[in-house]
S.K.: 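One structure follows; several queries about it will come next.
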Amino acid sequence: MKMRICCTTCPNECELDVEIDENKKILSATGNKCPRGLAFAEKEVVDPVRVLASTVKVDNGAHNALLPVRTKEAIPLRYHFEVMHQLEQMEVSAPIQMGDVILPNVCDTGVDVIASRNIR
Amino acid sequence: MKQYDLIIIGGGISGCAIARELSAYQLRVAVLEKNLDVATGTTKANGGIVHGGDDPQPGTLKAKLNVRGVELYPEYAKQLGFKYRETGSMVVGFNEEDLKYLEKLLDNGIKNGVKDIELVKDPKRIREIEPQCSKDAKYAVYCPHCGIVDPFEVAIAMCENAVENGVDFYLGEPVTKIEKKDNLFEITTPKDTYQCTYVIDAAGLHADDVARLAGIDEYNIIARHGDLLMLDKECGVKNLMPLYPIPSPESKGTVALSTLAGNVIVSATAVYREKDDTDSYADGIAQLIAGATKLVNGLNTRKVIRTFAGERAVCENNNNDFWIKPSATCENWFHVAGIQSPGVASAPALAEYVLNMLKENGVPFEKKENWNPIHKEPIDFSELSSEAQDKLIHEEPSYGKIVCRCETVTEGEIVAAIHRNPQATTVEAVKRRTRAGMGRCQSGFCQSKVVHILSRELGIPVEEVRLESKDSWLLAGEVKEGVTK
Amino acid sequence: MKTNYDVIVIGGGPAGMAAAIEADKKGAQVALVERNEELGGILNQCIHPGFGLKYFKEELTGPEYAQRLINELEKTKVEVFLSSMVLEINHLENGNHLVSFINEEGRLSLETKAIVLAMGCRERTRGEIKIPGARVAGVYTAGLAQRYINMDNLKPGTRFVILGSGDIGLIMARRLSLEGMKVEGVYELMPYANGLFRNIKNCLEDFGIPLHLSTTVTRVIGKDRVEAVEVTKVDENLQPIDGTQEIIPCDTLLLSIGLIPENEISSKAGVALNPATNGAIVDDNFETSVKGIFSCGNVLHVHDLADNVTQEAEKTGRNAASYALGETKEAEAKLQVSANFPIGYTVPSTTQKNQNASIYFRVRKPIEEAEMVITSGDKEIFRGKPRSYKPSIMECQMVPAKLLENATDEITLSLEMKESA
């Protein structure tokens, strides 16, 4: 099967034409300017992954009702709503430092949800 | 049940002007307004011109009240602390046919008693009077005493001064039922019942509907819809006096002028539509842009920041005139209806006229000894000197917090507006009193701040803050509810 | 209190912070004036990833990008005034400028040799595109909705239609979907999407949100709050096609229809603006028409990447410091820079003969294949390789000093279209 995939690894946004077999293994790929494009395509056809960014309620921030957070690495797209649900239930307290782990190892992906900024 | 001598139904500029006029006398007066603020109907959507008085047909009530209004406005503005500027105006003609019309208009104006009105036939002089007038203009009728106001500022100042002198305003109370028992009216709203001897029906577009609630069916109001445009302060034109084209029978046509704040407003189309239709229409907007382009030289019509629309209440089969008279079928009921243009220009004179009408109809009037006609104007931070700004911030630090960056409105001004009497309880009410959100970003930056200040000052959840009307909700609750406690 | 500075930076977003840091590094005494109660500007509400790939060489969220700059700024001697709104700039007889601002302490005026304008931009509104219909609650710019959701923890509605495929609108489509608010669709007047492709993919396709091109909102319907919008297809002249109207029930209309540099203070200070960008006219040092006043970031021209903003601001900060410290040489031979359609504008508007030039521009419509041609008078001095150009991407054309040797007193950038096969 032939597919067109847009690599979102960097602002170049290469468009790749890939051919995959029935096991979703890439047979051929053209259009990528660097190897990261191929790596992206390999994941994308099997189990697309994205960084998830959201917020968590802060119970005592001076100016901030919410703490912005994100997954440290990309996690499978299919877990995003489950992680959103877990973040919904949480509340954190200042002070918080950028990079602090807010929710470890979400959905057993080995990836932590971390704070995106400091909150005093 | 609350008891009054006289109740005014409708808190537009007419109702507010009458309330303020009557506040000088020993009468218990109340105003019932269906919306959450005064000045939310026709009053908030018009050009804000104190027209010279050349346009209305001689002999009409309109003509009389307009010309008298022009005389009264400067003193009114001083007493009530609202901004008024005498700008002069021109009705502009481009050809010989237009000249014929302008000659008639001049004659009209003279018959109406318009002071210093003049027919200008020298294009050079037209440009001396208004350098930004179209270069194609050949003739003009010049009214040097035409002026401009912010109509809602006028209405609010009148309302607040009336309140200072003992008039009660009930906002958010639409009249649902009116009964007459033992020569007393009983007026019901969703919140209360009010009893009074006299009623003044100043309910604008719905004056006829309100009268019918009391079983009075003497006239019919139809709605003449007008689109309007507001342009950025930087639109190529500054301090433009009102310029009118040769009018149609229905409307004065597309008028362009600079507002007191320095924007350009283009007003208004005229199409009969359903009552309460304040939608903007694409063809109307296009008509306004074409009209303004023809009248004004150098206007950048791409700089529109807001389109809006209003409706004027037109009394059917009444020669386009105001309908101000006692009811023919119901004693002690007074109509103040069909107040279309020049309603703003006429307001002070209308109040004076209504007072006399009431006196002639036996309403007892005795002057209050302690009536205070002076209303203190609110602080406008952006107009203060640097030293005064600094001093004010030291006295009250919230004047050092800018909320609306486009119009330089501080938190102090917003808090003050909210706590005036009556209170400003909606985002639009705050805007009308402070200009927060009226600038080029149209509240993109400040709405969230205004909502939070309203919530804090009124002690209500942010979700309950409204844009304008009771059901104009802004926010649907929290995104993250957090730990369920 | 210190009232004299070498450089005052107005704005504490990614442009202002970067300019202040670099000016400080050059040894200038720097103050930064920010209107919000914290630094970071609009980045604080852009909680999504996609920032920093170019500048920090890793993918960050907006707040992280801001935090890194804040951390850098804290290491400098830059004096930061928060919750402070600049009201005016006045010019002094000694050639210096006076920056007046207010905060809760009062009205302050600081004297400075150089100013960097870095106030950012604002969103275009409903009024500017004159959407007819009801004037009801529930019409928001995408950025205001973003603020409500990501900063204030408040939902601006429950069921959304988004007009405009600009990046903020796309990002908001994903954000709303993730937070359980319904997005009916994104409508775009143009026949192509305005946002970056990555955002179409990650924000719409991932969530099954339809993108309707050549379609616009022609009416807002409702009594008090939005109840529906009418959408209509448009023809090649962008005029609505009668008979294609469709009513989409919703309670909120989000507008993502473009950004405009916010230059109120600049124009009051006498800075000449470029009508094509709504930003200041600047030379290759990012100096405006007023001596000692510089401009960078989104207040100069709207960028698509914060990374570009920071890099531009760093140069500007260094230039402002050099000017203030008396290290700037007068330009020897100025070259006017202009461009032909479909190039919409260039920044800078002038450059110099003896220096390499970096000329930023945007195209007004997508171009499949064209060659960049630079001419001076009737001489061609440069011709680029054929490639594609997109309006969503700010381009940078480097012109080595050597090529400019043959230039007269101006250069013009043009795109020569290749005949499509």
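Below, read A as the first sequence line, B as the second, and so on, with proteins coming before strands; counting in each chain starts at 1. Here the structure is a predicted model, which means the values were calculated and not measured.
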S.K.: Check whether B/Leu475 gets within reach of chain C through its side chain, its backbone, both or neither, counting any heavy atom under 4.5 Å.
M.R.: both
S.K.: Please identify, among B/Gly477, B/Cys441, B/Ala309, the residue contributing the most non-hydrogen atom pairs under 4.5 Å to chain C.
M.R.: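 With the most close heavy-atom pairs to chain C, the winner is B/Gly477.
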S.K.: If we define contacts as heavy-atom pairs under 4.5 Å, which of C/Val226, C/Leu154, C/Val220, C/Ile260 has the most with chain B?
M.R.: C/Leu154
S.K.: With sequence neighbours left out, write down each residue that passes ring pair (Phe, Tyr, Trp, His ring centres under 6.0 Å) with B/Phe152, or none if nothing qualifies.
M.R.: none
S.K.: Considering only heavy atoms and a distance below 4.5 Å, find which of C/Gly157, C/Gly180, C/Gly222 pairs most often with chain B.
M.R.: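 Ranked by contacts with chain B, first place is C/Gly157.
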S.K.: Let me know if B/Val427 has heavy atoms under 4.5 Å from chain C in its side chain, its backbone, both or neither.
M.R.: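 No part of B/Val427 comes within 4.5 Å of chain C.
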S.K.: List the steps, then state whether side chain to side chain contact (heavy atoms under 4.5 Å, CB included) holds for B/Phe381 with C/Ile102.
M.R.: CA-CA 11 Å; B/Phe381 183 84; C/Ile102 59 163; 3.7 Å; yes
S.K.: How about C/Val136 and B/Leu467: do any of their side-chain heavy atoms sit closer than 4.5 Å?
M.R.: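 With C-beta onward as the side chain, the pair stays apart.
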S.K.: Please classify the contact between B/Ile289 and chain C as side chain, backbone, both or neither, with a heavy-atom cut-off of under 4.5 Å.
M.R.: side chain
S.K.: Given that the side chain runs from C-beta out, which part of C/Leu108 has a heavy atom under 4.5 Å from chain B: side chain, backbone, both or neither?
M.R.: neither
S.K.: Across chain B and chain C, what donor-acceptor pairs are shorter than 3.5 angstrom?
M.R.:
{"residue": "B/Asp279", "atom": "OD1", "partner": "C/Ala134", "partner atom": "N", "Å": "3.4"}
{"residue": "B/Ser280", "atom": "N", "partner": "C/Gly133", "partner atom": "O", "Å": "2.8"}
{"residue": "B/Ser280", "atom": "O", "partner": "C/Gly133", "partner atom": "N", "Å": "2.8"}
{"residue": "B/Thr307", "atom": "O", "partner": "C/Arg135", "partner atom": "NE", "Å": "3.0"}
{"residue": "B/Thr307", "atom": "O", "partner": "C/Arg135", "partner atom": "NH2", "Å": "2.5"}
{"residue": "B/Gln389", "atom": "OE1", "partner": "C/Arg107", "partner atom": "NH1", "Å": "2.4"}
{"residue": "B/Asp390", "atom": "OD1", "partner": "C/Arg107", "partner atom": "N", "Å": "2.6"}
{"residue": "B/His394", "atom": "NE2", "partner": "C/Glu105", "partner atom": "O", "Å": "2.9"}
{"residue": "B/Arg405", "atom": "NH1", "partner": "C/Glu262", "partner atom": "OE1", "Å": "3.0"}
{"residue": "B/Arg440", "atom": "NH1", "partner": "C/Glu264", "partner atom": "OE2", "Å": "2.2"}
{"residue": "B/Gln447", "atom": "OE1", "partner": "C/Tyr148", "partner atom": "OH", "Å": "2.9"}
{"residue": "B/Ser448", "atom": "OG", "partner": "C/Arg147", "partner atom": "NE", "Å": "3.1"}
{"residue": "B/Ser448", "atom": "OG", "partner": "C/Asp152", "partner atom": "OD2", "Å": "2.8"}
{"residue": "B/Ser469", "atom": "OG", "partner": "C/Asp224", "partner atom": "OD1", "Å": "2.5"}
{"residue": "B/Trp473", "atom": "O", "partner": "C/Arg225", "partner atom": "NH1", "Å": "2.7"}
{"residue": "B/Leu474", "atom": "O", "partner": "C/Tyr140", "partner atom": "OH", "Å": "2.5"}
{"residue": "B/Leu474", "atom": "O", "partner": "C/Arg225", "partner atom": "NH1", "Å": "3.3"}
{"residue": "B/Ala476", "atom": "N", "partner": "C/Lys155", "partner atom": "O", "Å": "2.7"}
{"residue": "B/Gly477", "atom": "O", "partner": "C/Lys155", "partner atom": "N", "Å": "2.7"}
{"residue": "B/Val479", "atom": "N", "partner": "C/Asn153", "partner atom": "O", "Å": "3.1"}
{"residue": "B/Val479", "atom": "N", "partner": "C/Asn153", "partner atom": "OD1", "Å": "3.3"}
{"residue": "B/Lys480", "atom": "N", "partner": "C/Asn153", "partner atom": "OD1", "Å": "2.6"}
{"residue": "B/Lys480", "atom": "O", "partner": "C/Asn153", "partner atom": "ND2", "Å": "2.8"}
{"residue": "B/Lys480", "atom": "NZ", "partner": "C/Glu179", "partner atom": "OE2", "Å": "2.7"}

